[in-house]
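One structure below.
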2 protein chains.
Amino acid sequence: MTTPTPSRALDHPPRDAIRLEGVLHALSDPMRLRIVRSLAAAEEELSCSLFDLPVSKSTTTHHFRVLRESGVINQCYRGTAKLNGLRRDDLDALFPGLLDSLLRAAALQADRLREG
Amino acid sequence: MTTPTPSRALDHPPRDAIRLEGVLHALSDPMRLRIVRSLAAAEEELSCSLFDLPVSKSTTTHHFRVLRESGVINQCYRGTAKLNGLRRDDLDALFPGLLDSLLRAAALQADRLREG
DNA sequence: CCCGTACTACGATGCCTATCGTACGAGCTG
DNA sequence: CAGCTCGTACGATAGGCATCGTAGTACGGG
């Protein structure tokens, strides 16, 4: 093979097709916001199975797809695993500072709700 | 009367009840994002009737209610008019820098899409 | 007191979506 | 090959939501 291990291809929207409304919609779901926070905390790509979400596997797959199709994350197969990473470069280029503000807001709210 | 012109009361979530997910959901709709951008541009409160949205009046009412109930705007009656204003103080206190990042992102995207 | 303006309430409709379970495919590992 | 793990596809379901039209309420002005 000429290609390393691309296996099945996954459709990602090009940078120009990413829409703010779509990104906000993707992040307005608690599960997806949680996923994105974990991805931002980890400095490497994470496989879907590392996330222990309180929903079924089907639903988890659904949420990752929404995040990919809205342009928030990129996904690639690596063997049987599927690696997920934030599209930081694209998001920062389109919406400078937004991702960091969102992550900071999410962290502040998590602290606030945890401590009361 | 002791009160100026409160007329009918409108329920607003207190600052502590505002949730990031709710704010993002509210802003993920193109009509509502448009409303919020207009409110941010105007330095005063605007009545609903000043917005010329491509939807019916019923739908406009619906969008303003979603914005109010998510904590993004405050509304008060003034005669027959209903004045709308961003809850900047509350949002900035809860999520520092987020509102400005969102407005900037929306402006950049609007420019990008307009000029192509 | 009547009318016009501004907004609302309500019901209907059609679409979107979060969730699940089950059955399946793709790739490693023995 | 056999079996395991990871993730997908599909169908079902229930609830949410953006939209509309119509009918109605609240308020200010003549």
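Order of the sequence lines fixes the chain letters, A, B, ..., with proteins taken first and strands second; residue numbering starts at 1 for each chain.
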ask   = Do any N or O atoms from the side chain of A/T59 and from the backbone of A/V55 form a donor-acceptor pair under 3.5 angstrom?
value = no
query = Are B/L33 and B/V23 linked, directly or through other ILVMFWY residues, by side chains that come within less than 4.5 angstrom of each other?
reply = yes
Length of the line joining B/M31:CE and D/dA18:C1', which is rounded to integer Å = 10 Å
Pair B/D11 + B/R65: basic N to acidic O under 4.0 Å = no
key: Test item: A/L10 and A/K82 side chains (from C-beta on) under 4.5 Å apart, heavy atoms   = yes
task = Just compare D/dC20, C/dC20, D/dA18 and give me whichever is closest to any side-chain atom of B/T59.
result = D/dC20
ask   = Can you tell me how far P of C/dC7 sits from CZ of B/R68, to the nearest Å?
value = 13 Å
key: Positions of residues 40-55 of chain A (non-hydrogen atom under 4.0 Å from DNA chain D), listed by number   = A/S47, A/C48, A/S49
ask   = From D/dT8, D/dC6, C/dA18, pick the nucleotide closest to the side chain of A/Y77?
value = D/dT8
task = In whole angstrom, give the distance that lies between atom CG of A/L10 and atom C1' of D/dC6.
result = 14 Å
Side-chain donor/acceptor contact of A/K82 with base of D/dG7 under 3.5 Å = no
Phosphate OP1/OP2 of D/dC17: any B/H63 side-chain N/O under 4.0 Å = no
query = How long is the line joining CD of A/Q75 and P of D/dC6, in whole Å?
reply = 16 Å
ask   = Between atom NZ in B/K57 and atom P in D/dC20, what is the gap in whole Å?
value = 13 Å
request  = Taking B/R19 for its side chain and B/D16 for its backbone only, find out whether a donor-acceptor pair lies under 3.5 Å.
outcome  = yes
query = B/F64 has an atom CZ; how far is it from atom P of D/dC17, in whole Å?
reply = 18 Å
query = Between the side chain of A/Q109 and the main-chain N/O of B/L20, is any donor-acceptor distance below 3.5 Å?
reply = yes
task = Mark yes or no for whether A/R87, through its side chain, and A/V72, through its backbone, hold a donor-acceptor pair below 3.5 Å.
result = no
message = If we ignore hydrogens and angles and just use 3.5 Å, is the side chain of A/N84 paired with the main-chain N or O of A/L46 as donor and acceptor?
response = yes
note = Sequence neighbours excluded, the answer for salt bridge (charged side-chain N to carboxylate O under 4.0 Å, His left out) partners of A/D52 is none
For nucleotides 9-17 of chain C, print each protein N/O atom paired with a nucleotide N/O atom at under 3.5 Å, atom names and distance only.
none

message = Please determine whether a side-chain nitrogen or oxygen atom of B/S56 lies at a distance below 4.0 Å from atom OP1 or OP2 of D/dG21.
response = no
